[in-house]
Amino acid sequence: MPEIEGVENTGGVIKKFLYLNSKAPYGTVYALEVLEMILISAAFEQDVHVAFVDDGVYQIKRGHDTKGIEMKSFLPTYRALEGYDIEKLYVEKESMEERGLRAEDFIVPVTVTNRLAMSHLIASMDVVLGG
Amino acid sequence: MLHTVNKSPFERNAFKGCLARAQKDSVILLFEDAVYAAIKGTTIESVTVRATQDFKVCVLGPDLKARGYDEGHVVEGVTVVDYGDFVDMVVAYGPVVAWL
Amino acid sequence: MRFGILVNEGPFNHQASDSAYKFTEAVLRKGHEVYRVFFYYDGVNNANKLSEPPSDDRHIVKRWSELAKAHNLDLVVCVAAALRRGMKDELLAEGFRISGLGQLIEAGIQSDRLVMFGD
């Protein structure tokens with residue numbers, strides 16, 4: 001867990017944070033750094049939600065082996081999220097099916113939710129981050 | 001809720017991704033390379049025209065002008081706004097979702 | 001209203017930093033408060049005081065410094081992203097400071113709106 005500055009400065013406010021992951025892993029750095037944000041907002045005791053849409057669903061597909069590209073696989077971090085009480089993980093059904101994936105293909109337990117429900121989820125948030 | 005899109009619809013699916021998940025009556029701002037989604041006479045035009053029926057669709061004027069277009073080139077129903085309007089929209093319509 | 005701004009891309013490669021700057025300017029012009037501007041990913045390169053664009057181009061780094069000075073803005077560069085890219089204290093332009101990612105989350109909590117500019 002990284003060192004946190006400013007944790008005291010939340011004034012007891014709990015906001016609904018959504019991390020909207022829409023990009024594939026490894027090709028760009030975005031997916032990895034979103035994970036850092038997720039962990040830190042948990043330290044701030046915020047109401048954290050994580051959603052995977054479009055190519056973002058590839059981020060949590062089982063079996064990443066990154067040895068050959070010398071990058072850190074972030075599946076172990078995703079597996080550890082439960083320990084930080086981050087359990088609200090959503091995968092958009094349409095994005096998953098378009099890519100030939102099933103709920104069993106993911107490394108962590110996720111709620112598979114259709115596009116309409118995803119739009120409701122997004123609309124109910126206070127802060128939406130990600131990429 | 002305010003949705004922003006900054007990618008050309010010919011290169012990435014950020015615009016379509018936004019349309020698929022924005023709730024009816026929310027506001028969509030096209031800026032940077034997404035301004036091309038607001039232009040008449042393209043193969044995307046029909047998508048944008050349909051979008052104006054469900055959403056309030058805006059395009060950022062300075063980004064439009066920089067790319068050689070003006071109000072006259074914009075799909076009917078799409079509003080041209082400036083940075084000040086962008087700020088007003090964030091204030092008025094609530095949390096911002098950036099479709100990148 | 002109180003705004004937090006997140007800049008995820010470096011200067012010159014992508015319009016994100018320019019858009020964020022123009023937006024921040026407009027926020028201030030409209031009389032709103034900017035709680036913090038946070039620079040993440042390659043966005044940390046916006047703080048490099050060694051940046052020297054040709055004289056007929058906008059000076060992105062200097063522009064942020066000047067805006068910060070005029071409006072007492074808090075420009076925060078993410079420490080982990082900065083270290084990865086060799087962006088250290090001695091390279092920081094005026095008005096920028098390096099701190100943790102917690103400062104972004106805190107901005108999300110303290111601001112009425114958090115607006116993200118990226119690629």
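Here is how names work: the chains are called A, B, and so on, in the same order as the sequence lines, proteins then strands, and each is numbered from 1.
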Which heavy atom of A26(C) sits nearest to which heavy atom of G84(B), and what is that distance? CB-N, 4.1 Å

Distance in Å, H32(C) NE2 paired with D88(B) CG, rounded so as to fall on 0.5 Å steps: 6.0 Å

Answer yes or no: are there more than 12 heavy-atom neighbours, outside N13(C) itself, under 6.0 Å from its atom CG? no

Could you check which of V96(B), V97(B), N6(B) has the highest count of heavy-atom pairs closer than 4.5 Å to chain C? N6(B)

Who are the salt bridge (Lys or Arg N to Asp or Glu O under 4.0 Å) partners of R63(C), not counting sequence neighbours? D18(C)

Suppose a student defines contact as a heavy atom less than 4.5 Å from any heavy atom of chain B. Which residues in residues 65-73 of chain C would they list? none

For residues 2-12 of chain C, which side-chain N or O atoms pair as donor and acceptor with protein atoms under 3.5 Å away, sequence neighbours left out?
unit_1, atom_1, unit_2, atom_2, d
R2(C), NE, E33(C), OE1, 3.4
R2(C), NE, E33(C), OE2, 3.3
R2(C), NH1, Q110(C), O, 3.1
E9(C), OE2, Y30(A), OH, 2.3

Against chain B, residues from residues 112-119 of chain C with at least one heavy atom under 4.5 Å, in numeric order, are R113(C), L114(C), V115(C), M116(C), F117(C), G118(C), D119(C)

Between the side chains of D63(B) and Q15(C), is a donor N or O closer than 3.5 angstrom to an acceptor N or O? yes

Does E71(B), at its CD atom, have more than 12 non-hydrogen atoms belonging to other residues, nucleotides or ligands within less than 6.0 Å? no

Return yes when atom CZ of F55(B) has more than 12 non-hydrogen atoms of other residues, nucleotides or ligands closer than 6.0 Å, and no otherwise. yes

How long is the straight-line distance from NZ of K22(C) back to CG of D82(B), given to the nearest 0.5 Å? 10.5 Å

For the CZ atom of F23(C) and the OH atom of Y83(B), what is their distance to the nearest 0.5 Å? 10.0 Å

